[in-house]
Amino acid sequence: MNKIYAFIIIIPLIAMLFLKSMTFYEFDTKQRYIKNTVDSVAHKVMITGVLTVSDKEELMDKLRKLSDFEDEDVSLKCGDMQSDGTITGLYEYVLGNVLDRGEVFSIYVQSKDESTLSRMEGNSDNENNKLFYKAKAICRIEKIQPEGG
Amino acid sequence: MDNEIRNIGNIICYPTENKLKKAVRIFQSERGGGFGTIFLGLAAILLAFVVFINIADYSIFTYKRNAISKAMDYAVTAAAQQINKTQSIVGVANAFDEDTGEKLLEGVEIDIDMANRTFLTMFYENYKPDDLSIANNLLICATSTMDGKLRYSIKADTEQKLDGVLDNPVLIEERINQAMDQLWPDTEDNSQVYIIGNPKTNMIENGTYLFAYIKDIKITGLYLQRQISLSSFAGAKLERKL
């Protein structure tokens, strides 16, 4: 009988640890994939100077496989680097616009829903504690101008 | 009796072996076996918990390290574009070889102060650490070519600066390592910069390049703090406009 009580204590503990491990693993893996996806897009724009409509669709397809992402959850911005080496006044990037060498391109994505890990940890009560899948990359266009930059 | 080594026939029984047998008998008995199960179960859970915490700690550390590494790539690519036009040779008359008509990319200098500032801006835009400042751990080295020789300028700790000329670009690796020893003599980390695989795979040739190195930065995972050094490298990708 004592052994039954023992299992009543131990099995839930093992189950809880297992679930925590699984949710952490899921968050970590998805977060890494999302960061890699965003970095790939930033790198592409860094070399070519442009993000096309099909590139954005491809990005959304990849993101939606990992979590709930809508078009408005992806922020694309561009602008100039100031003469003092700072970045200010970035504005919305229009898909298909070809950026010049030296301009700055920024991409930021954040999932619509919080992660399973966040829900499991009970972070949902406070908006600031919610853990979303998000990634950011800012790069400077380094393509060589076609007319010889 | 338990503490004595007993020789039964050809089998030697050690005291610990006896204790182990006793323990096994207690767990096998019907009476009081529950506590044994609880004890073993909790020990296994504790072990699994420690393993889980360590894996999570290392996982967070590697995520941060990769993000910093990527931020360095973006930063060095941005900083390599800070060409100092007043110090560089510009103009069509100087941009082409008189005999062959080939474009010349000699004498194009990176403004190392601006490159340093741009690097830090771009780095912090990509990776905003709560407890990490790299300004005093950053070394950047800009190179350019003049009369077939490699000119370099090394800046570290935001203020210190070293300039020089090398006959062969292969020597830049040794120069950067010397500069690191000179600028950070008390460092615990003895890691060195490796740019040259062999003379044929030397990444730095005569040209305009920017090299960045962050030394001894401390990254905290879940609870452990690890110290690492990272490097990044970019060419200025120059062209001449007509």
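Scope of the values below: all heavy atoms of this structure, side chains included, with no hydrogens, waters or symmetry mates. Only a predicted model underlies this, so the values are computations on that prediction, with no experimental measurement involved. A, B, ... follow the sequence lines: proteins, then strands. Residue 1 opens every chain.
Within the 4.5 angstrom heavy-atom criterion, only side-chain atoms of B:Phe52, from C-beta onward, approach chain A. Residue A:Ser83 touches chain B through its backbone alone, counting heavy-atom pairs closer than 4.5 Å.
Comparing B:Ala67, B:Ala78, B:Ala71, B:Gly41 by how many heavy-atom pairs each has under 4.5 Å with chain A, the most go to B:Ala78. Among A:Val104, A:Ile11, A:Ile87, the residue with the largest count of heavy-atom pairs under 4.5 Å with chain B is A:Ile87. No other option in A:Ile9, A:Ile141, A:Ile138, A:Leu13 has as many heavy-atom pairs under 4.5 Å with chain B as A:Ile138. Contact count versus chain B (heavy atoms, under 4.5 Å) is highest, among A:Gln82, A:Met46, A:Arg140, A:Lys35, for A:Arg140.
Nearest heavy-atom pair across A:Lys136 and B:Asn126 is O-OD1, 4.2 Å. Of all the heavy atoms in A:Asp84 and B:Met114, the pair that sits closest is C-CE, 3.8 Å.
Put simply, NE2 on A:His43 and OH on B:Tyr74 are 7.0 Å apart, with the number rounded to the nearest 0.5 Å. To the nearest 0.5 Å, atoms CE (A:Met81) and CD (B:Gln81) are separated by 9.0 Å. Atom CG of B:Asp73 is separated from atom CG of A:Asp39 by 9.0 Å, given to the nearest 0.5 angstrom. To the nearest 0.5 Å, atom CD1 of residue A:Ile14 and atom CD1 of residue B:Ile45 are 4.5 Å apart.
No donor-acceptor contact under 3.5 angstrom links the side chains of B:Arg117 and A:Thr86, judged on distance only.
Here the side chain of B:Thr118 pairs no donor or acceptor atom with the backbone of A:Gly85 at under 3.5 angstrom.
When the heavy atoms of residues 17-31 of chain A are compared with those of chain B, the residues falling under 4.5 Å are A:Leu17, A:Lys20, A:Ser21, A:Phe24, A:Asp28, A:Gln31, listed by number. For residues 54-75 of chain A, a heavy-atom distance under 4.5 Å to chain B picks out no residue at all.
Within a 6.0 Å sphere centred on NZ of B:Lys161, other residues, nucleotides and ligands contribute more than 12 heavy atoms. Heavy-atom neighbours of A:Tyr33 OH from other residues, nucleotides or ligands within 6.0 Å: at or below the threshold of 12.
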Between A:Cys139 and B:Lys70, does a side-chain contact (heavy atoms from CB on, under 4.5 Å) hold up when you go through it step by step?
CA-CA 10 Å; A:Cys139 63; B:Lys70 203 71 202 172; over 6 Å; no
